[in-house]
Q: 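Please see the structure below; I have some questions.
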Protein chains: 2
Amino acid sequence: MRSRPPLDRSLPLRERKKLRTRRALADAALRLFAEKGFDGTTLEEVAEEAEVSKSTFFRFFPAKEAAAVEAETELWTAYLDELARRDLAGPVLGELHQTLAVAIAGLDPDWDERFVATRLLVARESALLKYVEHNRARIRNQVVASLASKLGLEPEDLRLPVLAELATTAFTLAARPWVYQDGRGGRQALLERHREAIKAIPGSLELTAPPRDANRDRPDRRG
Amino acid sequence: MRSRPPLDRSLPLRERKKLRTRRALADAALRLFAEKGFDGTTLEEVAEEAEVSKSTFFRFFPAKEAAAVEAETELWTAYLDELARRDLAGPVLGELHQTLAVAIAGLDPDWDERFVATRLLVARESALLKYVEHNRARIRNQVVASLASKLGLEPEDLRLPVLAELATTAFTLAARPWVYQDGRGGRQALLERHREAIKAIPGSLELTAPPRDANRDRPDRRG
DNA sequence: CTCTGAATAAGACTGAGTGTCAAAATCGGG
DNA sequence: CCCGATTTTGACACTCAGTCTTATTCAGAG
């Protein structure tokens with residue numbers, strides 16, 4: 001991994017210590033899971049690596065999975081925070097795009113690296129995938145509630161979950177190739193891909209299959 | 001619950017017994033989880049209710065959650081099967097809609113009731129929600145792969161996951177109110193809601209927030 | 001009826017996650 | 001600087017999902 005950035009000096013000493021422990025646990029989890037696999041690593045090992053006990057681990061994270069996906073969690077938390085403080089004007093999908101872009105821009109400088117490592121791990125470990133999928137679903141529900149309140153719409157309006165879904169889906173799809181290139185181009189490249197993905201959405205709805213038997217059974221790889 | 005439909009007479013006796021055991025386990029899980037909660041029920045209790053052992057349970061289901069969501073699984077399996085055998089023509093989103101509609105129409109007559117019970121339980125038990133969310137994600141990936149092959153597109157084409165996502169999201173949203181009315185109107189009502197949800201998608205993209213300060217801080221419930 | 005291979009039961013075992021309790025660190029007030 | 005209250009922590013015990021190993025049962029073939 002790499003050395004940690006200095007902790008915010010303004011925090012009381014106790015809080016700083018807590019943050020250090022939290023980061024030590026998250027780092028240890030990420031590193032050990034990457035080395036020996038999620039199932040091949042026990043919680044005791046993670047705790048020992050961070051020089052705390054198993055019970056301390058559970059005071060910081062609700063589950064084994066959570067420690068490995070801190071970067072994910074930070075992202076979506078920042079997204080919700082930004083959405084809460086934002087005034088919406090214009091097309092809602094565009095606003096959600098901007099909201100997420102602003103949230104990303106405001107993350108810690110070392111977030112890129114941790115996020116890439118997290119996503120690479122998540123792609124290999126289905127237990128972690130399950131966890132982040134569920135987390136994303138929870139975020140979407142909160143986005144729907146927040147939008148409904150801001151726009152004065154009923155929370156049952158089907159358009160809201162559709163938009164919330166599209167916004168997170170677009171980001172996730174945009175992030176995938178960026179991650180597999182180890183975050184090449186940095187955060188700017190990620191934001192650019194994100195923009196492209198959002199732009200591609202309307203065209204998706206128009207995608208049309210070729211007429212019946214231009215190419216019968218299977219188009220078989222190359223058209 | 002209710003009495004089971006008769007099992008297919010054509011199957012060898014052994015296979016029929018297996019199916020009976022499977023159903024007994026699924027029924028027991030659904031009933032016990034509804035009664036005493038998912039966490040409040042142990043696997044031993046489920047197994048005992050179905051008069052088999054814990055190890056037998058795991059030969060039919062990969063996890064505690066799986067037994068309670070058989071109806072979900074049947075739905076999405078039928079969806080994938082139908083998609084595999086289908087020739088696509090015209091707008092892809094419409095085709096996915098039709099695919100799912102046909103799949104639903106072909107399910108067992110008792111599916112409605114089991115599906116409603118399953119969804120009501122899933123809404124209350126986050127462990128089950130997690131499980132079905134992950135299952136839906138797996139299905140979507142397979143839909144993307146299937147579409148890419150049928151349409152002769154690269155699997156990296158961003159439009160495919162967007163469409164797959166929209167198709168399952170629309171159904172899930174459509175099913176929610178139907179489930180909360182205990183499946184009133186039967187399968188036809190569900191299909192009708194499904195149609196409406198799909199129709200609402202293009203309009204979602206156009207949803208626009210009112211100009212900046214028509215109603216400053218919060219639209220506060222009613223516009 | 002017996003043989004065989006598959007299905008099943010029984011139960012030991014691992015590790016996640018929870019709860020309890022006592023020791024230790026931290027802090028406020030004198 | 002010290003003392004008592006409060007909070008944080010580690011050690012430990014416990015439950016239960018899920019895996020594995022071994023022994024038993026049973027449907028079906030000869």
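Bear in mind that the values here come from a model prediction, so they are computed numbers and not experimental data. Every chain is numbered from 1 and lettered A, B, ... according to where its sequence line falls, protein lines coming before strand lines. Computed over heavy atoms, backbone and side chain alike; hydrogens, waters and symmetry mates excluded.
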Q: Ignoring backbone atoms, establish whether A:Lys54 has a side-chain N or O less than 4.0 Å from OP1 or OP2 of D:dA11.
A: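 No, no such contact exists.
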
Q: Round to a whole Å and report the spacing from CG of A:Leu43 to P of D:dA11.
A: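 Atom-to-atom, A:Leu43 to D:dA11, this comes out as 15 Å.
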
Q: Under the salt bridge (Lys or Arg N to Asp or Glu O under 4.0 Å) test, which residues partner A:Glu45, sequence neighbours left out?
A: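 Only A:Lys36 meet the salt bridge (Lys or Arg N to Asp or Glu O under 4.0 Å) criterion with A:Glu45.
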
Q: Using a heavy-atom cut-off of under 4.0 Å over every strand shown, decide if B:Thr42 touches base, sugar-phosphate, or nothing.
A: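 Since only primed, P, OP1 and OP2 atoms lie under 4.0 Å of B:Thr42, the category is sugar-phosphate.
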
Q: I'd like to know if the side chain of A:Arg138 pairs up with that of A:Asn135 as donor and acceptor (distance under 3.5 Å, no hydrogens or angles considered).
A: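 Present: a donor and an acceptor within the cut-off.
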
Q: In whole angstrom, give the distance that lies between atom CD of A:Glu45 and atom P of C:dT14.
A: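 Going from CD in A:Glu45 over to P in C:dT14 covers 14 Å.
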
Q: To the nearest Å, how far apart are A:Leu25 CG and C:dG17 P?
A: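 So the CG-P distance, A:Leu25 to C:dG17, works out to 14 Å.
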
Q: Look at A:Arg59 and D:dT8 and indicate whether a side-chain polar atom (N or O) is within less than 4.0 Å of OP1 or OP2.
A: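 For A:Arg59, the contact criterion (side-chain N or O under 4.0 Å from OP1 or OP2 of D:dT8) is not met.
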
Q: Quick check, are the ring centers of B:His194 and B:His97 under 6.0 angstrom apart?
A: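 Ring centres of B:His97 and B:His194 closer than 6.0 Å.
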
Q: Provide, to the nearest angstrom, the distance between the CZ atom belonging to A:Phe61 and the P atom belonging to D:dT9.
A: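 Value for this atom pair: 13 Å.
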
Q: Take the angle between the ring planes of A:Phe171 and A:Trp76 and call it parallel below 30°, perpendicular above 60°, tilted in between.
A: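 Answer is perpendicular, since the angle exceeds 60°.
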
Q: Could you give the CZ-to-C1' distance, from B:Phe60 to D:dT19, as a whole number of Å?
A: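 For the pair B:Phe60 CZ and D:dT19 C1', the rounded distance is 18 Å.
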
Q: Checking only heavy atoms, does the side chain of B:Lys64 share a donor-acceptor pair with the base of D:dG18 at less than 3.5 Å?
A: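 Per atom types, no contact qualifies.
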
Q: Just the rounded figure in Å: distance from C1' of D:dG18 to OH of B:Tyr131.
A: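 Roughly 13 Å, once rounded to whole Å.
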
Q: Which nucleotide in the list C:dG19, C:dT8, C:dG17 gets nearest to the side chain of A:Phe58?
A: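 Among the listed nucleotides, the one closest to the side chain of A:Phe58 is C:dG17.
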
Q: Figure out the CZ/C1' separation between A:Phe57 and D:dT8, and round it to whole Å.
A: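 Those two atoms, CZ and C1', are 18 Å apart.
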
Q: Please work out if B:Thr41 contacts a base, only the sugar-phosphate, or nothing of the nucleic acid, heavy-atom cut-off 4.0 Å.
A: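 Counting heavy atoms under 4.0 Å across all strands, the contact made by B:Thr41 is with sugar-phosphate only.
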
Q: Quick one: which of C:dA16, C:dG17, C:dG11 gets closest to the side chain of A:Glu65?
A: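 Among the listed nucleotides, the one closest to the side chain of A:Glu65 is C:dG17.
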
Q: How many Å lie between NZ on B:Lys36 and P on D:dC16, as a whole number?
A: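 Distance, rounded to whole Å: 10 Å.
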
Q: Which comes earlier along DNA chain C counting from the 5' end, the contact point of A:Asp39 or that of B:Val52, where each point is its nearest nucleotide?
A: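 The answer here is B:Val52.
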
Q: Show your working on salt bridge (Lys or Arg N to Asp or Glu O under 4.0 Å) between A:Glu192 and A:Arg195 and close with a plain yes or no.
A: CA-CA 5 Å; A:Glu192 174 59 24; A:Arg195 226 171 294 136; 2.5 Å; yes

